[in-house]
Amino acid sequence: MTVLVIAEHDHATLKPATLNTVTAGIACQSGDVHVLVAGANAAEAGKAASQVAGVAKVIVADSPSLAENLAENVAAQVLAIAKNYSHILFPATANGKNVAPRVAAKLDVAQISDITKVDSADTFERPIYAGNAIATVQSADPIKVITVRTTGFDAAAATGGSAAVENAEGVADSGKSSFVGREVTKSDRPELTAAKIIVSGGRALGSAEKFNEVMTPLADKLGAALGASRAAVDAGYAPNDWQVGQTGKIVAPQLYIAAGISGAIQHLAGMKDSKVIVAINKDEEAPIFSVADYGLVADLFTAVPELVKAL
Ligand SMILES: Cc1cc2nc3c(=O)[nH]c(=O)nc-3n(C[C@H](O)[C@H](O)[C@H](O)COP(=O)(O)OP(=O)(O)OC[C@H]3O[C@@H](n4cnc5c(N)ncnc54)[C@H](O)[C@@H]3O)c2cc1C
């Protein structure tokens, strides 16, 4: 049978999460990998998908009903072709997690969530208990509906492929929801989940002003995205969408610098797969040091500005 990857895209370009999901699709070893681009005027995104290495076919479903990525309509589009596939993979992003359960429920199968490894075509690994244990899950369902933790899989090469592109009829609007508006945060910084370097601050920063004064220059120097612990977000020192962790974003950059973050398991669940972890904390017993490659026991209000000066 064949594997279907649901592309994450903005109608013109593919989002990087799609590339990691393609790698997971190939790992399922169940046959060819197809990519569904469900959008409006999405031919460019379809073309981009056709160039991804390892993709055999791209299906572009174009319809005004798919312009705003409404989960009900995207799910209906996936269901229209689902029966042709043994595996349907979504990136475990906000979008993917919005659509996948609808597809699984309609197909009457159990969703397999947040996989980090494919052991075989029916057996997958996924973190549980905030990443403290790995569950090996075997599925007997005829169609496996899966969300993929993108940090668990390398990105497939964005070029080098030459998949056929097929057009499919777009579904009609379900009428179950309608698009009202969207407020998008604008930032010159890299997006948190795609950033190569992340500079993260914790409760120790003490205020939004201090967070900005101390952490922003370091992020600027390194061309990094800014992240934060939940305590810092809850206290209003940093915006919600900067939260890293179990209930925030899962990241795995090349370099993660944590300043004034204790390293609670819920925070570690979101960043411990980073390639190099640097921790700055004045408490040498802080749990963050257990995952850090480089640890600095110091007052961040002195250490971070010194680091900025030295860079
Ligand atoms: C269900 C659930 C989900 C959660 N999800 C998340 C999540 O997604 N992300 C997340 O981050 N948390 C999450 N949490 C919260 C988590 O348990 C911690 O409370 C939180 O991560 C603590 O944030 P912190 O490290 O900034 O603060 P604290 O634990 O208060 O740590 C502050 C640290 O700063 C150090 N420090 C203080 N002053 C200085 C200084 N001047 N210089 C250097 N170091 C200093 C201290 O030694 C301490 O280690 C969750 C909790 C629950 C129950």
Side-chain angles (χ1 to χ4, degrees), residues 16-17 93-94 130-132 149-151 155 183-311:
T93 54
N132 280 314
R149 184 177 288 201
T150 53
T151 55
E183 281 178 36
V184 183
T185 316
K186 288 201 177 67
S187 169
D188 294 336
R189 295 189 188 286
E191 206 273 312
L192 199 54
T193 52
K196 293 203 161 45
I197 305 177
I198 295 174
V199 167
S200 240
R203 196 196 318 255
L205 270 306
S207 69
E209 292 71 29
K210 278 283 170 200
F211 197 109
N212 184 37
E213 185 187 315
V214 177
M215 303 304 290
T216 305
L218 183 56
D220 286 344
K221 267 275 159 77
L222 295 170
L226 276 161
S229 70
R230 175 157 156 184
V233 169
D234 285 351
Y237 307 163
N240 249 324
D241 59 342
W242 290 9
Q243 185 178 315
V244 171
Q246 187 189 342
T247 44
K249 291 185 175 150
I250 310 279
V251 298
Q254 295 295 325
L255 173 62
Y256 188 89
I257 302 179
I261 293 179
S262 58
I265 52 165
Q266 296 91 350
H267 188 79
L268 301 187
M271 46 63 75
K272 67 178 166 41
D273 292 332
S274 305
K275 302 291 174 287
V276 175
I277 298 171
V278 175
I280 303 170
N281 196 301
K282 68 178 185 186
D283 174 11
E284 63 180 299
E285 303 286 326
I288 190 81
F289 289 127
S290 68
V291 298
D293 299 286
Y294 300 93
L296 182 60
V297 180
D299 185 328
L300 74 90
F301 294 105
T302 325
V304 174
E306 276 178 11
L307 188 56
V308 173
K309 215 185 285 172
L311 283 166

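No hydrogens, no waters, no symmetry mates; every other heavy atom, side chains included, goes into these values. Just so it is clear, the structure is predicted and the values come from calculations on it, not from any experiment.
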Please report the shortest heavy-atom distance between [X] and [Y], naming the atom on each side.
X	Y	answer
Arg189	Asp220	NH2-OD1, 2.7 Å
Tyr256	Ser274	CB-OG, 3.6 Å
Val308	Lys221	O-NZ, 3.2 Å
Ala232	Phe211	CB-CE1, 4.3 Å
Ser200	Ala228	OG-N, 3.2 Å
Ala225	Ala195	CB-CB, 3.6 Å

So how far is it from [X] [atom1] to [Y] [atom2], rounded to the nearest 0.5 Å?
X	Y	atom1	atom2	result
Ser187	Trp242	OG	CH2	7.5 Å
Arg203	Tyr237	CZ	OH	7.5 Å
Gln246	Leu268	CD	CG	11.0 Å

Where do Arg230 and Thr247 land on the side chain to side chain donor-acceptor pair (under 3.5 Å) test, with the steps shown first? CA-CA 8 Å; Arg230 175 157 156 184; Thr247 44; 3.1 Å; yes
Measuring only between side-chain heavy atoms, which start at C-beta, is [X] closer than 4.5 Å to [Y]?
X	Y	value
Ile257	Ile198	no
Pro253	Lys196	no
Gln254	Val276	no
Leu205	Val214	yes
Val278	Leu255	yes
Thr151	Val251	no
Leu311	Leu218	yes
Met271	Ile288	yes

Mind checking what makes side chain to side chain contact (heavy atoms under 4.5 Å, CB included) contact with Ala17, not counting sequence neighbours?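 Result, side chain to side chain contact (heavy atoms under 4.5 Å, CB included) vs Ala17: Pro91, Thr93, Thr150.
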Can you check whether Ile261's main-chain N or O pairs, donor with acceptor, with Asn281's side chain at less than 3.5 Å?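 A pair under 3.5 Å: yes.
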Filter on salt bridge (Lys or Arg N to Asp or Glu O under 4.0 Å), then keep only pairs touching residues 260-278, sequence neighbours left out; what's left?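 Salt bridge (Lys or Arg N to Asp or Glu O under 4.0 Å) check on residues 260-278 returns no pairs.
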Could you go through the side chain to side chain contact (heavy atoms under 4.5 Å, CB included) check for Leu222 and Val199 one step at a time? CA-CA 9 Å; Leu222 295 170; Val199 167; 4.0 Å; yes
Could you please spell out the steps behind the side chain to side chain contact (heavy atoms under 4.5 Å, CB included) verdict for Asp241 and Leu192? CA-CA 9 Å; Asp241 59 342; Leu192 199 54; over 6 Å; no
For residues 290-306, which side-chain donor-acceptor pairs fall under 3.5 Å, sequence neighbours excluded?
| residue | atom | partner | partner atom | Å |
| --- | --- | --- | --- | --- |
| Ser290 | OG | Pro287 | O | 2.6 |
| Asp293 | OD2 | Ile277 | N | 2.7 |
| Asp299 | OD1 | Phe301 | N | 2.8 |

